[in-house]
Amino acid sequence: MSGTERLATERLGKDGPVVGVQGLGCMGMSEFYGATDEAAAREALETALELGVTLFDTADIYGSGANEEFLAPFLKVHRDKVVLATKYGIVRKPEDPHYRGVSNDPAYIRSAVDASLKRLGTDVIDLYYMHRRDPSVPLAESVGAMAELVTAGKVRHLGLSEVTGGELREAYAVHPVAAVQSEWSLFSRDVEVSLVRAAAELGVAVVPYSPLGRGFLTGAFRDAAADLSADDFRRFQPRFSGDNARRNAALLEPVRQAAAAHGATLGQIALAWVHQRADVHGLPVVPIPGTRRPERVRENTAAALVRLSDVELARLEPIAARVAGDRYPDMSSTSLARE
Ligand SMILES: NC(=O)c1ccc[n+]([C@@H]2O[C@H](COP(=O)([O-])OP(=O)(O)OC[C@H]3O[C@@H](n4cnc5c(N)ncnc54)[C@H](OP(=O)(O)O)[C@@H]3O)[C@@H](O)[C@H]2O)c1
């Protein structure tokens, strides 16, 4: 796999944009995963576009707006080739870096979109996601406010993140949804409880986030507490440190075997597994692995060409159920908490 082939394409939802079948997660370029080499990150963006990646994923909370601002110069040059996705709904407080609130209030949505457009330096967002569900606001009210943004020309398509299948159906009854974004990987299969079936029935695409298990599935780190910087978010995720990390590292053996058989990396096998969910569940699947390094963009996009056999898929099947530790230190705002 040379990593130079252009990606195949896929449509998001029934009337959504056509995108490269793998997107690029930009979050780590501004926050959460340690220091960033800005020049390399900018090269990663350019490399991705050259290889056929068109879906670029950000959110207003990444770096408290810094990630959207970071993308602005790239968008200025390439706006017509990029399918730009951003999100609202998680609220932070400047004085407390660990605070996370949620708001789906229509007035909040209207101010959030204007702030995102300004930071991104564009007049329209291609795919606007509700990042987290706020149960204190009726879903129809929030999706109604999002639909008004489409009418106003500020947003082209709607998405939801970390919702249940029931919530997707409820939202879809108000306005078509192009994509749902949730964590989906060899380590995290909560979406299969209800969301994937609802998405397949409605013709909504799934955009798996953290498809590399935040890097753990690549073998790039073995224990967050020992291997990663003090401010790295993964140190606060229960599954990546101590006994849990030791147990979880042992689960990678079948991934290693498949990698050896394909002359691939562990990360490529993890991504190939996610891509093949499209066939298993009968719906469009466009993972958005995050990387700040051009050489890893090449490696990750080449994974879209790896095809795992039924025997390999069967060996990988039991992994998720054996993972020790939750996805987040606080799971209360995830879809699993509302299933
Ligand atoms: N909707 C949500 O709630 C939500 C939550 C989390 C993330 N997201 C989105 O999903 C995107 C992807 O998720 P993620 O970044 O959390 O996790 P991920 O894609 O599973 O993993 C990213 C980590 O893996 C490393 N990595 C990437 N490619 C690699 C390779 N080939 N070999 C070794 N290491 C590799 C990256 O480091 P380097 O950067 O140093 O390469 C980074 O530390 C984010 O950027 C964000 O846009 C959404």
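What's counted below: heavy atoms across the whole structure, side chains too, no hydrogens, waters or symmetry copies. Numbering starts at 1 and runs along the sequence shown. As the structure lists them, so they are numbered: ligands from 1, and atoms in each ligand from 1. Just so you know, these numbers come straight off a predicted model, no measurement behind them.
Using a 4.0 Å cut-off between heavy atoms, L217 makes no contact with ligand 1 at all. Counting heavy atoms closer than 4.0 Å to ligand 1, residue H131 contributes side-chain atoms (C-beta onward) but none from N, CA, C or O. Here T218 has side-chain heavy atoms under 4.0 Å from ligand 1, and that is the only part of it that gets that close. Counting heavy atoms under 4.0 Å from ligand 1, residue R234 touches it through the side chain alone. By the criterion of a heavy-atom distance under 4.0 Å, the side chain of R132, and not its backbone, is placed next to ligand 1. Proximity of R292 to ligand 1, defined as any heavy-atom pair under 4.0 Å, is shared by backbone and side chain alike.
Here the rule is salt bridge (Lys or Arg N to Asp or Glu O under 4.0 Å) with E162, and of R327, R338, R133 only R327 fits it.
Atom 24 (O) of ligand 1 has G215 CA, 3.2 Å as its closest protein atom, hydrogens excluded (heavy atom only).
Nearest heavy-atom pair across I109 and Y128 is O-OH, 4.3 Å.
Ion pairing between a basic and an acidic side chain is recognised when a charged N comes within 4.0 Å of a carboxylate O; E50 and R6 show no such pairing.
By the side chain to side chain contact (heavy atoms under 4.5 Å, CB included) test, D279 pairs with R307, sequence neighbours left out.
The distance from ligand 1 to the heavy atoms of L212 drops below 4.0 Å at these ligand atoms: 18 (P), 20 (O), 21 (O), 27 (C), 28 (N), 29 (C). Interface atoms of ligand 1 facing C26, defined by a heavy-atom separation under 4.0 Å, are 45 (O), 47 (O). Listed by number with element, the atoms of ligand 1 under 4.0 Å from a non-hydrogen atom of E299 are 31 (N). Counting atoms of ligand 1 from 1 in the listed order, those under 4.0 Å from a heavy atom of M27 are 7 (C), 16 (O), 44 (C), 45 (O), 46 (C), 47 (O). Taking a cut-off of under 4.0 Å to the non-hydrogen atoms of T291, the atoms of ligand 1 that pass are 27 (C), 28 (N), 38 (P), 39 (O), 41 (O). Atoms of ligand 1 lying under 4.0 Å from any heavy atom of P211, numbered from 1 in the order shown and given with element: 19 (O), 20 (O).
Nearest-heavy-atom check against atom 27 (C) of ligand 1 across G290, A220, P289 picks out G290. In the candidate list Y209, F216, F221, Y209 is nearest to atom 5 (C) of ligand 1, counting heavy atoms.
The closest approach between a heavy atom of S161 and any atom of ligand 1 is below 4.0 Å. For the pair Y129 and ligand 1, no heavy-atom separation below 4.0 Å is found.
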Can I get a per-line list of side-chain donor-acceptor pairs under 3.5 Å for residues 142-154, giving both atom names and the distance, sequence neighbours left out?
unit_1: S142; atom_1: OG; unit_2: N104; atom_2: O; d: 2.9
unit_1: T151; atom_1: OG1; unit_2: A147; atom_2: O; d: 3.2
unit_1: K154; atom_1: NZ; unit_2: D114; atom_2: OD1; d: 2.9

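Atom CZ in F70 sits 10.5 Å away from atom CG in L75 (nearest 0.5 Å).
F187 and F216 have tilted rings, their planes meeting at an angle from 30° to 60° on a 0 to 90° scale.
Here the side chain of T47 pairs no donor or acceptor atom with the backbone of P294 at under 3.5 angstrom.
Counting only N and O atoms by type, the side chains of S188 and E183 include a donor and acceptor under 3.5 Å apart.
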